[in-house]
Amino acid sequence: MKPIALRQAVTRNKSRFPPDFHFQLANGEAKVLLSQPVIPSQPSLGGHLPYVEIMRTLVRSQEMLSANTDRARKLTQLEAKYDAQFKVVFDAIR
């Protein structure tokens, strides 16, 4: 499905799409995005701010990465505090 067709489908059937499916960029965000050298030249937005589709998988993977980072930090703190007492346990976890 082409992006324009997807946007039309979402606009016409808002009740069928969850609220986190897409969002509309703010004016400053659109300017930054369109000024990036990797984005091909685009015609004027004509007063319309673009919508951005969100992939839940990306969001969830970022959440998981953040959770794993927190766990790793906590494990490092525990190791520093109880290293000698629980070295065998920490080695087994790894």
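The residues of the chain are indexed from 1 along the displayed sequence. Side-chain atoms are counted along with the backbone in the values below, which use heavy atoms only and exclude waters and symmetry mates.
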Does the S66 side chain pair with the main chain of Q62, one donor and one acceptor, at a distance under 3.5 Å? no
Starting at CG of D70, measure out to CG of L75 and round the result to the nearest 0.5 Å. 12.5 Å
I need the R73 CZ to L78 CG distance, nearest 0.5 Å. 10.5 Å
